[in-house]
Amino acid sequence: MKMRIGLAQMNSQDSRDKNLLSAETLIRKLAGGGAELIMLPEHFSFIGPDHQKRRMAEPLDSSPSLEMIKSCAAELRIHIHLGSFLEKEGGKVFNTAVVVDPSGKVIARYRKIHLFDVEVPGGRTYLESETISPGQETVLFTIGDFVFGLATCYDLRFPELFRSLVARGANILLLPAAFTQETGRDHWEVLLRARAVENQCWVAAAGQWGTAPPHHASHGRSMVVDPWGIVVAQAVDGVSTVTADLNLDILQSIRTTFPALTHVRRDLF
């Protein structure tokens, strides 16, 4: 069983209107290429200074960003994972992923669990928790026999999350990101391939690329990795798209002939 996934690699900025237009253009291009599920990167609708984030956050029930995604999904009759956007609920802001089905209905919402509070090489400090509240639950959704586990960007460094998703049935892992250029050069591909190998899952990751205000520089290199850890598709640098066919027969063959997941010592850890 196969499903064509399309990844949109964006260079989002601090203008929501321009970002939404760019996202729609990429969605239509991918849908025209046969993508049945399209994923955008983290923060697809806004990247800008921290002091603007609360103002740009959108309630889920009155979100211009989500309404555009719903409209595209319903018109094109496809599933769309919007990557993530700034969601406002009460006095809190979350880094939230939303998945919409071909009728325009929300079928999954995941709030990023692990927040990026680090100093990267070169001395630049990121404190995501100053604005964003962490999510409190893991999330899956299904399309037929495909079971998707959701994660976002910095989550990639925490294998416990992915093993938990696989234990609950995930066979595809989806990861929108805005991975920094400094860390992405050395860690992006190796971590994605590791999550695929250790969980015997397909992994699809859609990234931001290039510079954005005030001092963001994202690595890009959106890619799809098969359950053996082979990169089967990768975006070129720049605003671009990439597609790949997710094949459950390949996954099942690998899990059957190399049954590592059945050897996990859950009695010990």
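Hydrogens, waters and symmetry mates are skipped; everything else that's a heavy atom, side chains included, is used.
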Check this for me, if you would: do [X] and [Y] make a salt bridge, where the nitrogen-to-carboxylate-oxygen distance has to be below 4.0 angstrom?
X: K70; Y: E67; answer: yes
X: E198; Y: R195; answer: yes
X: D245; Y: R4; answer: yes
X: K2; Y: D249; answer: no
X: E87; Y: K92; answer: no
X: E89; Y: R111; answer: yes

If we ignore hydrogens and angles and just use 3.5 Å, is the side chain of [X] paired with the main-chain N or O of [Y] as donor and acceptor?
X: S45; Y: S65; answer: no
X: S63; Y: L60; answer: no
X: D155; Y: T152; answer: yes
X: R109; Y: V98; answer: no
X: S84; Y: H43; answer: yes
X: D50; Y: E130; answer: no
X: S22; Y: K18; answer: no
X: R193; Y: V231; answer: no
X: N199; Y: V166; answer: no
X: S240; Y: G238; answer: yes

Audit row: R163, V264, side chain to side chain contact (heavy atoms under 4.5 Å, CB included) steps and yes/no: CA-CA 10 Å; R163 183 51 56 90; V264 176; 3.4 Å; yes

How about [X] and [Y]: do any of their side-chain heavy atoms sit closer than 4.5 Å?
X: V118; Y: Y154; result: yes
X: V224; Y: V203; result: no
X: W228; Y: Q200; result: no
X: L156; Y: L192; result: yes
X: Q252; Y: T256; result: yes
X: L173; Y: F148; result: no
X: I107; Y: H79; result: yes
X: E36; Y: I78; result: no

Quick one: pull up [atom1] in [X] and [atom2] in [Y] and give me the separation to the nearest 0.5 Å.
X: I132; Y: N95; atom1: CD1; atom2: CG; value: 5.5 Å
X: W202; Y: D226; atom1: CH2; atom2: CG; value: 5.0 Å
X: E58; Y: S62; atom1: CD; atom2: OG; value: 8.0 Å
X: L40; Y: Q208; atom1: CG; atom2: CD; value: 9.0 Å
X: F269; Y: E160; atom1: CZ; atom2: CD; value: 11.5 Å
X: L150; Y: L161; atom1: CG; atom2: CG; value: 9.5 Å

Test log, rule salt bridge (Lys or Arg N to Asp or Glu O under 4.0 Å), inputs E75 and R28: CA-CA 10 Å; E75 177 190 344; R28 292 185 181 280; 2.8 Å; yes

Within one Ile-Leu-Val-Met-Phe-Trp-Tyr cluster: [X] and [Y], side-chain cutoff 4.5 Å:
X: L76; Y: I143; answer: no
X: V242; Y: M223; answer: yes
X: L21; Y: F85; answer: no
X: Y126; Y: V93; answer: no
X: L174; Y: L251; answer: yes

Intermediate values then yes/no, side chain to side chain contact (heavy atoms under 4.5 Å, CB included), L26 and V239: CA-CA 9 Å; L26 294 170; V239 175; 4.1 Å; yes

Identify the heavy atoms of [X] and [Y] that sit nearest to each other, and give their distance.
X: A74; Y: G104; result: CB-N, 4.2 Å
X: V236; Y: Q9; result: O-NE2, 2.9 Å
X: N11; Y: T211; result: ND2-O, 3.0 Å
X: W209; Y: H219; result: CD1-O, 3.8 Å
X: V232; Y: A244; result: CG2-CB, 4.3 Å
X: F44; Y: A23; result: CD1-CB, 3.8 Å

Working for side chain to side chain contact (heavy atoms under 4.5 Å, CB included), residues C201 and R255: CA-CA 9 Å; C201 280; R255 288 186 175 184; 3.3 Å; yes

Any donor-acceptor N or O pair under 3.5 Å, side chains S15, D17: no

Residue F258 excluded, over 12 heavy atoms near CZ under 6.0 Å: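 Not buried by this count: 12 neighbours or fewer within 6.0 Å.
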
Mutual orientation of the aromatic rings belonging to F179 and W188 [parallel < 30°, tilted 30-60°, perpendicular > 60°]: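 Geometry flag for W188 against F179: tilted rings.
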
Stepwise side chain to side chain contact (heavy atoms under 4.5 Å, CB included) test for D117 and T125: CA-CA 8 Å; D117 288 359; T125 299; over 6 Å; no

